[in-house]
Protein chains: 2
Amino acid sequence: MSKQVSISVIRRLPRYYRFLGELLKNGIHRISSRELSSRMGLTASQIRQDLNCFGGFGQQGYGYNVEALYGEIGHILGLDQNYKTILIGVGNLGRAVANHMTFDGRGYELIGLFDSNEKVVGDVVRDIAVMDMDEMEDFCIKNKPDVAILCTPREAAQRIADKLVELGVRGFWNYSHYDINMNHPHVAVENVHLGDSLMTLCYKVKDLDSPDGPAEGNKNI
Amino acid sequence: MSKQVSISVIRRLPRYYRFLGELLKNGIHRISSRELSSRMGLTASQIRQDLNCFGGFGQQGYGYNVEALYGEIGHILGLDQNYKTILIGVGNLGRAVANHMTFDGRGYELIGLFDSNEKVVGDVVRDIAVMDMDEMEDFCIKNKPDVAILCTPREAAQRIADKLVELGVRGFWNYSHYDINMNHPHVAVENVHLGDSLMTLCYKVKDLDSPDGPAEGNKNI
DNA sequence: TAGATTGTTAATCGATTAACAATC
DNA sequence: TAGATTGTTAATCGATTAACAATC
């Protein structure tokens, strides 16, 4: 039984993936933990520790093969999965998320959009016509989505999420200003909380002017 | 000199703020660290430790006054500041961010929108007409914005950010799929990286099916 | 006063960094 | 082979939790 990988490590994986993709684009095929660490602002030790949670992808005296490592991390993240995904709440934000993100071939397949506003129902976004919320249940029974993106107002989020869990949804990408609280071991939630992020920035900016100088020095964490 | 407050603590502040706001709405005026911890899924000890980084806001035998604490945390976060803010890149995402977020009275004031696409220039979003990128420099010299929201494509982000730092911008809310790298001690950056978040969710969903059961038990971190 | 709950110190736990033997 | 760099163990550091005296 391999030891559980901590969430801190997991959260660094997409960043490794991005940097490796960039290296690939630049035609770099080989990289040492030391070189990668200096590009990413980490320690080489941390990179080796992180990667070794999943296997020995490197080679002594050589380093890591960029293509291979990129593929491995993509696989670890599950980007070769194809989770059927629906999006609830096709307002400004929902629409932007649907249009802006690359879902296909990145672990997800967008199969349905829902909104309760009749002015929005029928609109076509990403080649998908927005359905009425009333149709959601039937749609889910028929199409068995795995993941839901919640772009609803705060008030509706918990109720809709509970319903969707009943209908078999196992993952939530939550944009509502609400911590959806899943008392269920078999549901994964990723909260986005843009408002929290904006408040954190506010603190950081304010902190620049503080007498002791900014916290954590210069590290943009 | 008070000890530097760690980024882990800072990142919890907006969440405290949200929960306290919710309590206020529900007419709850007093709360103990124990009660709050159970609502938030933290330990009471952690809440007391966190708050005591900034001062003794509670009272032995009583707990915390919700209004007062809400106000204090808002103040610590800097929500009573009024940072002049511009947004660059009024595409799907930029438009949604501008429309969706509450800036005014939450530490920010949105004063300008910029885009290089002439089809977008002149559009009015949030009562502000989108300006051409060429006007950005003059605008900044005249209006001295403090914060910039970057919703540009990946390629443009670093260049625009560097320019804005020159022009006196001290904070960046970065939506571009790029780690803007500020080699400057007096600039604060908050990266949003929605793509990373989506990949993390993918891992979590995949992990639900893993033989050892999901990592970190049931905690939706 | 007695009970409750904080502020704060001490103990524990986990994550990061350093060191180095293994090996390509 | 010699040099480089990994995988991995040990040391350090920081964050979380527990405990409890102070005090409302």
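Residue numbers start from 1 in every chain, and the chains themselves are labelled A, B, ... in the order their sequence lines are given, proteins ahead of strands.
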May I have the distance from [X] (atom [atom1]) to [N] (atom [atom2]), rounded to whole angstrom?
{"X": "B:I7", "N": "D:dA15", "atom1": "CD1", "atom2": "P", "result": "11 Å"}
{"X": "A:R30", "N": "D:dA4", "atom1": "CZ", "atom2": "P", "result": "11 Å"}
{"X": "B:I47", "N": "D:dA18", "atom1": "CD1", "atom2": "C1'", "result": "15 Å"}
{"X": "A:Q4", "N": "C:dA15", "atom1": "CD", "atom2": "C1'", "result": "16 Å"}
{"X": "A:D50", "N": "D:dG7", "atom1": "CG", "atom2": "P", "result": "12 Å"}
{"X": "A:N52", "N": "C:dT16", "atom1": "CG", "atom2": "C1'", "result": "15 Å"}
{"X": "B:R34", "N": "D:dT17", "atom1": "CZ", "atom2": "C1'", "result": "16 Å"}
{"X": "B:L51", "N": "C:dT5", "atom1": "CG", "atom2": "C1'", "result": "13 Å"}

Could you please name the partner base of C:dA21, counting Watson-Crick and G-U wobble pairs only when both distances are under 3.5 Å?
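D:dT6 is the nucleotide pairing with C:dA21.
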Looking at the side chain of [X], which of [options] is the nearest nucleotide?
{"X": "B:S6", "options": "C:dG7, D:dT16, D:dA15", "answer": "D:dA15"}
{"X": "B:R48", "options": "C:dT8, C:dT16, D:dT6", "answer": "C:dT8"}
{"X": "B:Q46", "options": "C:dT17, C:dG7, D:dT16", "answer": "D:dT16"}

For DNA chain C, whose closest nucleotide is more 5', that of A:T43 or that of B:I31?
B:I31
Under 4.0 Å, counting only non-hydrogen atoms across every strand here, what does A:S45 touch: a base, just sugar-phosphate, or nothing?
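Base contact - A:S45 has a heavy atom under 4.0 Å of at least one base atom.
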If you compare every side-chain N and O of [X] against the phosphate oxygens of [N] (OP1, OP2), does one of them come in below 4.0 Å?
{"X": "B:Y62", "N": "C:dG7", "answer": "no"}
{"X": "B:R12", "N": "D:dT16", "answer": "yes"}
{"X": "A:S33", "N": "D:dT6", "answer": "yes"}

Any heavy-atom pair between the side chains of B:F172 and B:L164 that's under 4.5 Å?
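A side-chain contact under 4.5 Å exists here.
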Residues in salt bridge (Lys or Arg N to Asp or Glu O under 4.0 Å) contact with A:R154, at least two apart in sequence or another chain
B:E22
CZ (B:R126) with more than 12 external heavy atoms under 6.0 Å:
yes
Between B:K84 and B:D146, is there a salt bridge with N-O shorter than 4.0 Å?
no
Over 60° means perpendicular and under 30° means parallel, so tell me whether A:F103 and A:W173 are parallel, tilted or perpendicular.
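Aromatic pair A:F103/A:W173 classed perpendicular.
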Is there a donor and acceptor pair, one atom on the side chain of B:Q49 and one on the base of D:dT17, closer than 3.5 Å?
yes
